[in-house]
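This is a predicted model, so every value here is computed, not measured. Naming convention: chains lettered A, B, ... in sequence-line order (proteins, then strands); numbering from 1 in each chain.
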Amino acid sequence: MEKLYDKSIEQLHSLLVSKEITATDLTVETFDRIKETEKDIDAFITLNEEKAMEIAKAIDAKGITEENVLAGIPIGIKDNIVTKGILTTAASKILSNFDPIYDATVMEKVYSSDLIPVGKLNMDEFAMGSSSETSYFKKTKNAWDQTKVPGGSSGGSAAAVAAGEVSVSLGSDTGGSIRQPAAFNGVVGLKPTYGRVSRFGLIAFASSLDQIGPFTRTVKDNALTLNAISGYDPKDGTSAGVSLPDFAAGLTGDIKGMKIALPKEFMAEGIQPGVKAAIIKAVDTFKALGATVEEVSLPHSKYGVEVYYIIASSEASSNLQRFDGIRYGFRSEDVQNLEDVYVNTRTEGFGDEVKRRIMLGTFSLSAGYYDAYFKKAGQVRTLIKQDFDKVFADYDLIIGPTSPTVAFGIGENIDDPITMYLNDILTIPVNLAGLPGMSVPAGFSEGLPVGLQLIGKHFDESTMYKAAYAFEQATDFHKQKPVILGGTNNEFRDCHRA
Amino acid sequence: MAINEEQVKHVAKLAKLSFSDDELTGFTDQLGKIIDMVEQLGEVDTEGVPFTSNVLETINVMREDNAVEGWSRDELMKNVPEHEDGFIKVPAIIDNGEAGA
């Protein structure tokens with residue numbers, strides 16, 4: 001049998017419908033591939049083999065129709081999405097034994113779409129990090145170069161798709177945690193508009209910023225997956241009751257007349273020359289496709305990182321109060337009284353980065369500091385949002401780099417929190433404004449993938465997909481593969497892109 | 001330095017975390033740098049700017065007041081570290097004395 005692991009959802013779907021393969025065949029091959037690849041990539045925390053095989057058999061028994069576009073496709077799930085009966089750790093010691101009794105709403109949608117969850121993917125602890133190195137369990141490697149980080153926090157979700165372990169995965173994005181790892185691994189990752197996808201069952205980091213979204217190898221696969229996981233959910237008070245378009249419908253490749261904005265702040269100092277060059281080339285591609293691209297300004301975006309670390313950490317310090325060793329998760333053994341249960345469980349159960357954010361958040365919210373920190377951040381957040389509103393009065397889409405750099409080395413930034421935080425400077429403003437953002441492969445620098453970020457209007461993922469699809473069809477970056485997926489070596493790739 | 005060790009100890013107490021003396025020095029230094037960074041916001045004029053806590057315009061989302069089936073106690077107890085007779089068990093509020101309370 002021809003190898004399946006580098007195929008897109010669309011390709012696998014036609015093989016499943018024509019009965020050239022069964023869901024069981026595909027699931028068996030997926031686990032073979034995962035077992036062969038994990039020694040190099042370390043993307044998964046938990047595998048769900050037994051249950052996945054049962055689901056695959058049930059799907060085969062029922063049959064796969066042409067309409068059921070995701071049926072029988074194996075999917076990886078970030079380990080901060082609660083999965084009934086499957087260990088859910090958020091990559092933290094404090095949840096290392098947590099066996100959920102309910103499913104996140106997105107998991108109900110995964111099951112009702114007949115997707116097959118094959119396992120839980122590694123991440124930064126509680127999604128706090130940009131390299132997946134703060135995981136309690138393991139360090140995931142970049143699919144293109146195993147000495148580099150996969151980005152984060154959804155590093156496992158991105159690397160698993162890039163390395164051919166799965167064709168699709170779910171991640172979450174609070175300040176760039178889908179887009180930056182998608183960029184670092186050369187895959188397509190989308191953070192939907194805040195409110196588009198239910199957060200019920202997503203282990204909360206920063207509730208006003210978090211969104212779940214898909215990773216895939218192609219734009220169309222991504223749109224098909226977003227179709228399946230979107231929608232109003234009465235269990236999430238911030239879920240939006242807006243209409244649901246077919247995100248895959250407008251993918252024609254025709255974007256003539258589209259008005260695209262390029263913020264000058266996104267191309268300023270601090271952006272690696274190789275990244276900048278790839279984005280300038282992308283601008284030319286969009287112009288050649290008949291779109292207009294003009295420079296604009298988002299003057300307050302440069303404060304995004306500062307605003308984010310106050311707001312996200314404040315929300316996190318509140319959200320993470322629930323982890324106290326009483327009702328679930330790890331409980332410290334070293335206790336004399338109830339206070340010890342709280343303090344020792346949290347002190348032993350959380351890693352350093354999580355503690356840093358809880359401390360910063362608790363400080364920002366504490367008496368005497370609230371106005372100067374939390375309130376100020378919420379006001380600057382308004383200014384950042386207003387900057388976007390002004391640009392979107394005249395433009396359909398904003399583009400720029402996803403990350404200022406390509407993937408950095410494992411261990412390179414982990415002891416320097418501020419350098420690590422600045423990684424997210426181009427993605428954070430999007431979360432603060434609640435806008436949809438996406439990263440698509442846009443070239444290579446130093447042999448590593450560069451991501452192009454697309455930012456859309458609220459609830460206008462369709463325009464982003466349309467533009468991303470046109471860009472993908474006009475370029476061949478998404479066809480280039482890491483060595484682990486059968487690609488050639490880095491030098492060849494870099495020459496090839498010119 | 002934007003924060004001193006005493007302040008860090010106070011915040012740790014509020015957050016129910018504890019740090020050894022060595023860790024305290026390192027954390028104070030790192031937190032101080034992070035606070036210096038976020039203090040750059042001081043240069044932005046926010047006079048009269050409204051506060052954004054959430055980008056959605058919805059407020060007071062209500063649901064129908066319908067009774068729904070709750071969780072069974074057995075299921076809820078599945079992840080509880082220590083329980084007895086359907087109750088969650090925790091150590092005594094005050095230190096365990098000789099009576100082994």
Asks: Heavy-atom distances under 4.5 Å only: say whether B:Phe27 touches chain A with side chain, backbone, both or neither.
Replies: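 Only the side chain of B:Phe27 comes within 4.5 Å of chain A.
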Asks: If you count heavy-atom pairs within less than 4.5 Å of chain A, which of B:Val80, B:Val44, B:Thr46, B:Leu56 leads?
Replies: B:Thr46
Asks: Of all of B:His10, B:Met37, B:Glu75, which one pairs up most often with chain A through heavy atoms under 4.5 Å apart?
Replies: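 Heavy-atom pairs under 4.5 Å are most numerous for B:Met37.
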Asks: Determine yes or no for a side-chain-to-main-chain donor-acceptor pair under 3.5 angstrom, with A:Gln379 supplying the side chain and B:Phe51 the backbone.
Replies: no
Asks: Where on B:Ser18 is there a heavy atom nearer than 4.5 Å to chain A: the side chain, the backbone, both, or neither?
Replies: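 Its backbone and side chain both get close to chain A.
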Asks: Go through A:Ile326, A:Leu320, A:Thr362, A:Thr382 and name the one with the most non-hydrogen pairs under 4.5 angstrom from chain B.
Replies: A:Thr382
Asks: Within this structure, what is the CZ-NE2 distance for the pair A:Arg327 and B:His83, rounded to the nearest 0.5 Å?
Replies: 14.5 Å
Asks: Hey, is the main chain of A:Asp99 close enough, under 3.5 Å, to the side chain of B:Asn79 for a donor-acceptor pair?
Replies: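 It does hold such a pair.
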Asks: Which region of B:Gln40, side chain (C-beta onward) or backbone (N, CA, C, O), has a non-hydrogen atom less than 4.5 Å from a non-hydrogen atom of chain A, or is it both or neither?
Replies: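 For B:Gln40, the contact with chain A is made by backbone and side chain together.
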Asks: For the OH atom of A:Tyr328 and the CD1 atom of B:Ile88, what is their distance to the nearest 0.5 Å?
Replies: 10.5 Å
Asks: If you compare all heavy atoms of A:Val335 against all heavy atoms of B:Pro91, which two are closest, and at what distance to 0.1 Å?
Replies: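 Of all heavy-atom pairs spanning A:Val335 and B:Pro91, the closest is CG2-CG, 4.1 Å.
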Asks: Say you draw a straight line from OG1 of B:Thr28 to CE of A:Met359; how long is it, rounded to the nearest 0.5 Å?
Replies: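 If I round to the nearest 0.5 Å, the distance is 7.5 Å.
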Asks: Identify the heavy atoms of A:Ser208 and B:Ser53 that sit nearest to each other, and give their distance.
Replies: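 Nearest pair, atom of A:Ser208 first, then B:Ser53: CB-O, 3.3 Å.
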Asks: Please determine whether a side-chain nitrogen of the Lys or Arg among A:Asp324 and B:Lys16 lies less than 4.0 Å from a carboxylate oxygen of the Asp or Glu.
Replies: no
Asks: Counting heavy-atom pairs under 4.5 Å with chain A, which one of B:Met62, B:Glu39, B:Gln7, B:Lys13 comes out on top?
Replies: B:Glu39
Asks: Working to the nearest 0.5 Å, report the span between CD of B:Gln30 and NZ of A:Lys355.
Replies: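 Rounded to the nearest 0.5 Å, the CD-NZ separation comes out at 12.0 Å.
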Asks: Taking all non-hydrogen atoms of both residues, which atom of A:Gly329 and which atom of B:Pro81 are closest, and how far apart?
Replies: O-CG, 3.8 Å
Asks: Over all heavy atoms of both residues, which pair between B:Ile34 and A:Pro417 is shortest? Give the atoms and the distance, please.
Replies: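 Heavy atoms of B:Ile34 and A:Pro417 come nearest at CD1-CB, 4.4 Å.
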Asks: Select, from A:Gln321, A:Arg346, A:Glu348, the one with the greatest count of heavy-atom pairs under 4.5 Å involving chain B.
Replies: A:Arg346
Asks: Examine whether an atom of A:Ala433 lies under 4.5 Å from a heavy atom of chain B, and if so say whether it belongs to the side chain, the backbone or both; otherwise answer neither.
Replies: backbone
Asks: Measuring from A:Ser207:OG to B:Asn54:CG, what's the distance to the nearest 0.5 Å?
Replies: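 Those atoms lie 9.5 Å apart.
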Asks: Can you name the nearest heavy-atom pair linking A:Arg331 to B:Lys89, along with the distance?
Replies: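 So the minimum-distance heavy-atom pair works out to NH2-O, 3.0 Å.
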Asks: Answer with side chain, backbone, both or neither: which region of B:Val61 has an atom nearer than 4.5 Å to a non-hydrogen atom of chain A?
Replies: side chain
Asks: For B:Leu17, which atoms come within 4.5 Å of any heavy atom of chain A: side chain, backbone, both, or neither?
Replies: both
Asks: Specify the closest pair of heavy atoms between A:Ile418 and B:Lys33, including all atoms of both residues, with the distance to one decimal.
Replies: CD1-O, 3.5 Å
Asks: Determine the option with the most heavy-atom pairs under 4.5 angstrom with chain A, choosing from B:Ala12, B:Ala15, B:Gly42, B:Gly26.
Replies: B:Ala15
